[in-house]
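Notes follow the structure.
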Amino acid sequence: KQEVTQIPAALSVPEGENLVLNCSFTDSAIYNLQWFRQDPGKGLTSLLLIQSSQREQTSGRLNASLDKSSGRSTLYIAASQPGDSATYLCTNQETSGSRLTFGEGTQLTVNP
Amino acid sequence: DTGVSQDPRHKITKRGQNVTFRCDPISEHNRLYWYRQTLGQGPEFLTYFQNEAQLEKSRLLSDRFSAERPKGSFSTLEIQRTEQGDSAMYLCASSLNPYTEAFFGQGTRLTVV
């Protein structure tokens, strides 16, 4: 059974800081890995999708990397802003093509 | 296309009542997922459909829960004889196929009193 772990559970940083969120998974047989953000009481917004054949994806100030062999992904946020404050969730799609398995999330607070 | 749509956004019901939620996926998306999320936790898998076929159900989905996706378009999730423990955010997601980007709706927040 796939298990996804996100570290840290919570993070508070001053505005402008670069930061890294971590995601690890137990089964490397995945098709892709996806990062989402979730604002309080809202649904999930897709940030980046990395296919298993890729090493990283970039969108604006966000960069996500994937290392299947070690079962790890990182989400790098450059020059953080208060608007980045949210919970960040990672999930992956197993090669069986079935469910998406989520981590518990990292709650990020960027202080002005 | 405005994305995945869920209705209602909020539902308050008395314990023992039945409730039904609706999810309209993005047009032409053949994969549809239902998840449940409680405060401070990551989403928990409930079930998913490939077109109209329900391919997997979580053990979390007791016999009080049923989901349908007639004609492979919108989906409904029904909870019978609701319990206080059913209070949660119910999330729906869709993707073009099993291996592409998944898009989530805004969720339906259920409160059982």
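All values below come from the heavy atoms of this structure, side chains included, with hydrogens, waters and symmetry mates left out. Throughout, a chain's letter reflects where its sequence line sits, starting with A, and its residues are numbered from 1. None of these values were measured; they are calculated from a predicted model.
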Check: A:N63/A:T58 side-chain N/O donor and acceptor closer than 3.5 Å: yes
Measure distances from A:Q107 to the heavy atoms of chain B and classify the residue's part below 4.5 Å as side chain, backbone, both or neither. neither
Do A:S12 and A:N111 have side-chain N/O donor and acceptor atoms under 3.5 Å apart? yes
Check B:F49, B:Y48, B:F74, B:W34 against B:R69 for a side-chain contact (heavy atoms from CB on, under 4.5 Å) and give me the one that passes. B:F49
If you tally heavy-atom pairs under 4.5 Å against chain A, which of B:Q50, B:R31, B:R9 wins? B:R31
Whether A:T106 side chain and A:P8 backbone form a donor-acceptor pair below 3.5 Å: yes
With side-chain hydrogen bond (donor to acceptor under 3.5 Å, both in side chains) as the test, pick out the partner of A:Q2 among A:T26, A:D27, A:T101. A:T26
May I ask you to name which of A:L49, A:L44, A:T45 has the most heavy-atom pairs under 4.5 Å with chain B? A:L44
Side chain to side chain, B:F21 and B:C92, heavy atoms closer than 4.5 Å: no
Quick one: what part of A:L100 sits under 4.5 Å from any heavy atom of chain B, side chain, backbone, both or neither? both
Tell me whether B:Q37 contacts the main-chain N or O of B:A88 through its side chain, where contact means a donor paired with an acceptor under 3.5 Å. no
Verify, without hydrogens or angle tests, whether A:S73 (side chain) and A:C23 (backbone) share a donor-acceptor contact under 3.5 angstrom. no
I need the single residue from B:L110, B:V112, B:N18 that forms a side-chain contact (heavy atoms from CB on, under 4.5 Å) with B:I79. Which is it? B:L110
Which region of A:Q38, side chain (C-beta onward) or backbone (N, CA, C, O), has a non-hydrogen atom less than 4.5 Å from a non-hydrogen atom of chain B, or is it both or neither? side chain
Does any backbone or side-chain atom of A:Q93 lie under 4.5 Å from a heavy atom of chain B? Answer side chain, backbone, both or neither. side chain
By residue number, those in residues 94-106 of chain B with heavy atoms under 4.5 Å from heavy atoms of chain A are B:P98, B:Y99, B:T100, B:E101, B:A102, B:F104, B:G105, B:Q106
Closer than 3.5 angstrom, by distance alone: can the side chain of A:R37 be matched with the main-chain N or O of A:S85 as a donor-acceptor pair? yes
Between A:L89 and chain B, with a heavy-atom cut-off of 4.5 Å, which part of the residue counts as in contact: side chain, backbone, both or neither? side chain
Can you say whether B:L91 sits under 4.5 Å from chain A via the side chain, the backbone, both, or neither, judging by heavy atoms? side chain
